[in-house]
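On a predicted model such as this, the values are computed, not experimentally measured, just so you know. Within every chain, numbering begins at 1; the chains are lettered A, B, ... in the order of the sequence lines, protein sequences first and strands thereafter.
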Amino acid sequence: MSNQDLIGKAGLPERLYLTVKQHIGTEGQLQVAVGDQVLKGQALTRSTNLFSLPIHAPTSGQITAIGPHVSAHPSGMAELTVEITPDGQDRWHSLTPLPDYQQLPKIKIIEAICDAGIAGMGGAGFPTHIKVSPKKDVEFLIINGAECEPYITADDRLMREHAWQIRQGIDVLCHLLNPGHVLIAIEDNKPQAIQAMQVACQENPDYIVCPIPTKYPAGGEKQLIQVLTGREVPHGRLPIDVGVIMQNVGTCFAVADAIFTGKPLIQRVVTLTGEAMQRPSNVWALLGTPVNHLLAQAGYQAQRQNTPRLIMGGPMMGFSLVSDQVPVVKSTNCILAPTDQEMILPEEEQACIRCSACADACPVSLLPQQLYWHSKAKELDKAQDYHLFDCIECGACAYVCPSQIPLVHYYRVAKAQVRQQEEEKQKADKARDRFEARKERLEQEKTERELKHQQAAEARRQAMASKETQASSNAAAALDRAKQRQALDQPASDSGSNDRVAAAIARAKARKEAQAAEGNTVAPAEQPPEQNKQDKVAAAIARAKAKKAAQAAENTQASDNAPAETDKQAKVAAAVARAKAKKAAQAAEKTETSDSTPAETDKQAKVAAAVARAKAKKAAQAAEKTATSDSAPAETDKQAKVAAAVARAKARKAAQEASTDNQSDTPAEAKEKPVKAPRAPRKVNKTATDNAKAETDDPKAQRIAAAIEQAKARKVQKDQAAKPTDEEPGIAMAPEVTIDEDKKQRVAAAIAKAKARKAKQNAQSSAANQQENTEE
Amino acid sequence: MSLRLASSPHQHQQRSTAQLMRLVCYCALPGFALQCWFFGWGSLIQFAIAAVFALGIEAAILEIRKKDFERALADGSALLTALLLAICIPPLTPWWITAIGAFFAIGISKQLYGGLGFNLFNPAMVAYVTLLVSFPVAMTSWMPPVALAEQGYDFFDALRVIFTGFTADGYSLSQLRMGADGFTMATPLDSVKTDIGLGLTLQEATSKVQFADGFGIGWLWINLAYLTGGLLLLKLRAIKWQIPVSMLGAILLVGGVIHLASPDLFTSPWFHLLSGGTMLGAFFIATDPVSASTTDKGRLIFGAGIGVLVIVIRTWGGYPDAIAFAVVLMNMTVPLIDYYTRPRTYGYQSRGKKR
Ligand code: SF4
Ligand code: SF4
């Protein structure tokens, strides 16, 4: 037996291979480079997050390589490893013990434990510092002195020889966890260890040493909890959920080392056993010691094994090593080299005879036989139904199976398959999501395209229809004209003069306003000169336009001997419109000038204003044209209407512009303006409608107006949406294509509409300017 | 150094399936020996016939299925089946009937279902039931105890009768079956059943010569021998206690209740327990792992079900001994029983609850 002698020293190997990640969690960050000289106990990596642990140089020497090396893993895969060539001097790094730990804040102690790189030494390798900082109250602190498996005697020897230090470690843990009870569980086949621990703990009556029956897998965490407390850890939960924390005796020893001497975890007790070893024993092995060095120490005789095999861990749950270069890691408790007689090589499996010996042996009360059937048949969901994932892979079932079925192997495969399936499913889900998103997008694009087509078709249809209307309305207009002439026969000089007065007033007003606007424009000194100029020019142009329009109206009026009433009405309307237009222009300018938004927005606004102006010009020209070319009284009407429409459009545009621009600085102002502005056009509208009987007389002009309006509206929407950032120049330019022809305008309108729609979508997605949207 | 890789655990308990099967055979030997002692060499010859055919058929079918038959034969399961079949059929049954039985046991009931471990029904019992239904006369022609037989017969007589139908002296099977009083001897169970059917009281029915010791000559001892073998199996942990205990318990309970209700009409439960194939059934047949329930609770239900059925069939059914029918019937319920008696897994609130 390996537990007869004192724990020996494994001695310095030629090279040490320190796997960077030796625990469950993430690896630490490398602190050293090839060629560095390191001292014993010097940290090679640094813990960067909660789940990473550092590793330390087990002796002084030089780092000769950092790279992949075969690891202590069932697959034997190569992992990042620091190779140290010892210099034989074994010089210690400076150590910082914390003997007065009780005076320190707990977090300091936990930090020290983490910095010492301590991970559960019973086998699983869970970082200890996480385990000792639980969120819940700890009722039982269980110190696991039960070996995980037969053959392993590392903990037995440790307890016999170092019970005192283990108790010190328990003291530290108690200080951290403040548990209700401390139970030290030792299997009843280790009387000496039990005695040693009892002696070490006699000063602390709270520490109860509990001999437990030796029945594999008594050392299993969940099984031990059940034996000691009668509690079961519910499926999918942790021991702390039933108020239990369990620490291995080796971990306690390492904690005591770290706190009282400041030594990090650089060595551990490893059981070397198996009949192929001449001197089975326990040794203190430096972490990173390759297995072959230990084998040589224990007198391993390869010829005793017909089939060479090495097992890291015990006979039940250990894994066979792929190479004897595998290094010792923090959770290595045993190296087993059995002879063929000792552990008979598994024969070929036979049929399961449903004897259910396996079920009787299973410590988790699974039905290994059913698990086996389903795992073998790849009925993974059924296997999971039989709680495949509650299997702790203890191997008890396979041990008793008379048909020599490697049951655990089947479970491992099945578990791997399930995990793979889940991964694939996740991948597939992602792919499906992507695909669906793409489909959706394509569909959306398609509907958009269709909508565009539809709108284009609609526009075409409208154009055709309006042509027709034009014809019919021409007739109507003729009729109207006749009627009006009739009306003219009645003298109505009074109203005529009145109207003229009104018109004059309106003109005056308009001029005044224009002046005011000019003044406004000049006023702000901080205004960039360029823009200022531009603004002034714009204002001037607008004024000129308005004047021109007014003159045109007057001209019509003057040159026409047509009935005064209509005339005057028209003039009034025109004047009002002009006034409004000016006001709007002014407002726009004001916004522009008073606005101190970033240059980009400014530019946008300017462009928009320019466009608006261009529109106004165009409309005015159109109006003039109509006015001059047509001497019919109704034409005046139309002119007025055109002007009104333009004004409306402009006003609205301006208002929107204003609201957009201002919205970032002064919401109050922004709100005010849209309210004011849209009201004006409506008035004009009313007047125009009231007065003009032959509304549809000039479809061309109307269409222009309509198109402009539409374009403007969309433009504004768009502006709002895209406001803070990217303004596509193309969009801004689009309305400028307002050359004489209907068609072009319609195209422009369509483009604008499309753009507007896009912009709206943008707006919706950014969920910004909701309020403005609704206001519109 | 190239190392051998294996999956854990690296250690195995050393009892194999073949050993288990052999163990069961050995434990049945005392009872079998007594049976030969009381009823002549016939049973031994039947075992030889059954074994040869069982192994031959198994090998042939495995060969057809392209499986390694040598290893499969070595597992001893076919041998055990042959033994059970030989124990059950009357000692001097013609050889071809036994051969057919072996074919049904191995070929149909076992290999057609997929081989060892896949058979739903106990092969030996399926074969016995099939033979009983197909050859009712031959299968109920049990020999009188040697001590009571008019014509004694030796090993070679038995051999001749089985293979030719006549002994060297020209006696036929039916002549051999004559009792000393000139009547054909039925098994005690059969006899009691017939007599009670004829209106006799239990007292009268059991006053015949073959009931000399109250249970029928030989049967008591044979049953006790099987009981001993069974206890040995339990001791060696080759079988679990649930099935025998619940089965025997059910027989005792149900038999006792009806016996107390009408002692004249129904035999005592002790008679049920110690006559016929009860002990054999309880320890060697019902415990066949493959076709029995696999959970502890399930085994209790399974055994109790067999016990109840045995009494019911023996008392009201058409066949004198009911072990085979009861076992086969209960075999059918095994999947259901297993499903509803899944043990509670560690960490789960109660059985069947998931997550
Ligand atoms: S390895 Fe076998 S015995 Fe152990 S828990 Fe899993 S099924 Fe149960
Ligand atoms: S122990 Fe082996 S043979 Fe027996 S039921 Fe379990 S898997 Fe089947």
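The shortest heavy-atom contact between A:Gly395 and B:Pro9 is O-CG, 3.4 Å. The shortest non-hydrogen separation linking B:Pro343 to A:Ser365 is CG-O, 3.7 Å.
Interface residue A:Ile311: only side-chain heavy atoms are found under 4.5 Å from chain B. Interface remark: A:Arg231 contributes backbone atoms only to the contact with chain B (heavy atom separation under 4.5 Å). Contacts of B:Asn119 with chain A are absent, with no heavy-atom separation under 4.5 Å from either backbone or side chain. Heavy-atom distances place no part of A:Pro406 under 4.5 Å from chain B, backbone and side chain included. In this structure, the portion of A:Cys352 lying under 4.5 Å from any heavy atom of chain B is its backbone and not its side chain. Heavy-atom distances place no part of B:Ala238 under 4.5 Å from chain A, backbone and side chain included. Neither the backbone nor the side chain of A:Gln305 comes within less than 4.5 Å of any heavy atom in chain B. Using a 4.5 Å cut-off between heavy atoms, B:Thr295 touches chain A through its side chain atoms alone.
We find the CZ-OG distance between B:Arg299 and A:Ser356 to be 3.5 Å, quoted to the nearest 0.5 Å. With rounding to the nearest 0.5 angstrom, the NE2 atom of B:His10 is 12.5 Å from the CD atom of A:Glu342. We find the OG1-CD1 distance between B:Thr17 and A:Ile405 to be 7.0 Å, quoted to the nearest 0.5 Å. Residue A:Asp360 holds its CG atom at 9.5 Å from CZ of B:Arg237, rounded to the nearest 0.5 Å.
For the set A:Gln226, A:Glu149, A:Gln325, the entry with the most heavy-atom pairs within less than 4.5 Å of chain B is A:Gln226. Between chain A and the options B:Thr294, B:Asp288, B:Leu20, the largest number of non-hydrogen pairs under 4.5 Å is found for B:Thr294. Most heavy-atom pairs under 4.5 Å with chain B: of the set A:Pro150, A:Gly318, A:Cys362, this distinction falls to A:Gly318.
Within 6.0 Å of the NZ atom in A:Lys382, the count of heavy atoms belonging to other residues, nucleotides or ligands does not exceed 12. Atom NE2 of A:His293 has more than 12 heavy atoms from other residues, nucleotides or ligands within 6.0 Å. The 12-atom threshold is not exceeded at CD of A:Glu14, counting heavy atoms of other residues, nucleotides or ligands nearer than 6.0 Å.
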Query raised in the report: Checking side chain to side chain contact (heavy atoms under 4.5 Å, CB included) for the pair B:Tyr346/A:Leu366: CA distance, chi angles, key distance, verdict?
Result: CA-CA 8 Å; B:Tyr346 179 102; A:Leu366 296 171; over 6 Å; no
Report task. Give the intermediate values and the outcome of side chain to side chain contact (heavy atoms under 4.5 Å, CB included) for residues A:Gln350 and B:Asp75. Result -> CA-CA 8 Å; A:Gln350 281 174 297; B:Asp75 69 17; 3.7 Å; yes
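Under 4.0 Å is where a charged nitrogen must lie from a carboxylate oxygen, and between B:Asp338 and A:Arg354 at least one such pair does.
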